[in-house]
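Written out below as structure tokens is the structure these notes cover.
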Amino acid sequence: MSNVSINELSILTLLKKLITIESVNPSLVNGGSGEEEIAKFIGEFLEKREFDIEYQKIDDNRMNVIGVLHGNGLGKSLMLNGHTDTVGISDMQIDALKPVFKEGRVYGRGSFDMKGGLAAMMILGEFFANSKQKLSGDLILAFVADEEFASRGTEELVKKYTADSAIVTEPTGLQVVTAHRGFAWGRIDIEGRAVHGSLYEQGIDAIIKAGKVLLGLERIESGFTELPKHPLLGRPSIHASLISGGTELSTYPSSCSLQYERRTLPHEYRKNVELELQSLLREVQKLDPDFRAISDIFFYRPGLETKHDTPIIQEITRSALEVTSVKPELIGALWWTDAALLSEAGIPSVLFGSSGEGGHAPIEYVDFDSLIKTTKILATTIMNYCK
Ligand SMILES: [Zn+2]
């Protein structure tokens, strides 16, 4: 391994401390503490190490903290981005907030997703603040709220901060994630006519009409299976997620509401999904004059696709080779991440981090050796990218 001297004991101590600070996302789990306490802990740590600190309030008990180590303005700026919130802890089979280090693994809620990444960022901050060799470009450490729910943290962050590149330090098993799909959540409200169940000439059954929409969604989905596959991401998909309608057995249902999720490829946009659904509704309407429905996309997030010749990808690859003698693979992820919002804001972004298991699961751990490697690789990346 290359000789970047990272204080391994401090990473372990910091990671354990971060796990003990409960930062469950309150939008996800009622009663979750939010990110204020952990943000203040991180902010105070970096403030003592020459970083300029800003807290961005998102809501009660919820905030981002951003630390900037200013270069001389002649080099490229790099942002490291990590989320401070975690999913809930009630179903955990280990002590969620009392971290244990055992057989090379650190157990606890958030150890893997992603307080390991946060500890690495803090130690990197300390390392470059203390380093005699100053960086030319700015090093921006962004610790954001709400990634596990609606990404309000990164949404707020990009209103004010930018960089020449960004690395989201989510756990990626020491591979570089350059792409993932986006998604749209939509609703289709189908209108019926409520009358007594005996009045078949007047009633319009919204639930049976919804069946036609469901068959249409199935047609869209099977159409996707015929598309050429994206090399990293496969194909788009759509599935019906929720359905509700009807009031009682003896009444024609006056409405039925369907909600669906459409996973998009990076070259697709909200508009694509809107048009797809509108054309489905038009088709149904053509064959059934009684059919009335409205379609609405109520939440949309773009996908991520960062070109493989982007300088930051080349720099991480080179640094990983230098530190571990292993060339990381450039891969796609199944899940959505904040990197898509950074990328949409014009910051070429990728994900790189440690390995482990059990994000969102009853037993969660991060592999400590991989976290040390992550930290050293990122240190080398920052040194070369911001020099
Ligand atoms: Zn995460």
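Numbers here are sequence positions counted from 1. Atoms within each ligand, like the ligands themselves, are counted from 1 in listed order.
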Protein N/O/S atoms closer than 2.8 Å to the Zn ion (ligand 1), ordered by chain and number, come to His83 NE2, Asp113 OD1, Glu170 OE1, Glu170 OE2
Whether the Glu261 and Ser241 side chains hold a donor-acceptor pair (N or O, under 3.5 Å, no angle test) is what I'd like checked.
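On atom types as modelled, these side chains do not qualify, holding no pair under 3.5 Å.
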Can Ser27 and Arg62 be counted as having a side-chain donor-acceptor contact under 3.5 angstrom?
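Yes, Arg62 and Ser27 have a side-chain donor paired with an acceptor closer than 3.5 Å.
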Side chains of His83 and Asp113: closer than 4.5 Å at any heavy-atom pair?
yes
Should Gln202 and His196 be marked as a side chain to side chain donor-acceptor pair (under 3.5 Å) after you check the CA-CA gap, both sets of side-chain angles, and the distance that decides it?
CA-CA 9 Å; Gln202 295 161 41; His196 189 277; over 6 Å; no
What closest approach, in Å, do Ile140 and Ser77 show between heavy atoms, and which atom pair accounts for it?
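Looking at all heavy atoms of both residues, the closest pair is CD1-CB, 4.5 Å.
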Are the charged groups of Glu274 and Arg270 less than 4.0 angstrom apart, N to O?
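Salt bridge between Glu274 and Arg270, a charged N being under 4.0 Å from a carboxylate O: yes.
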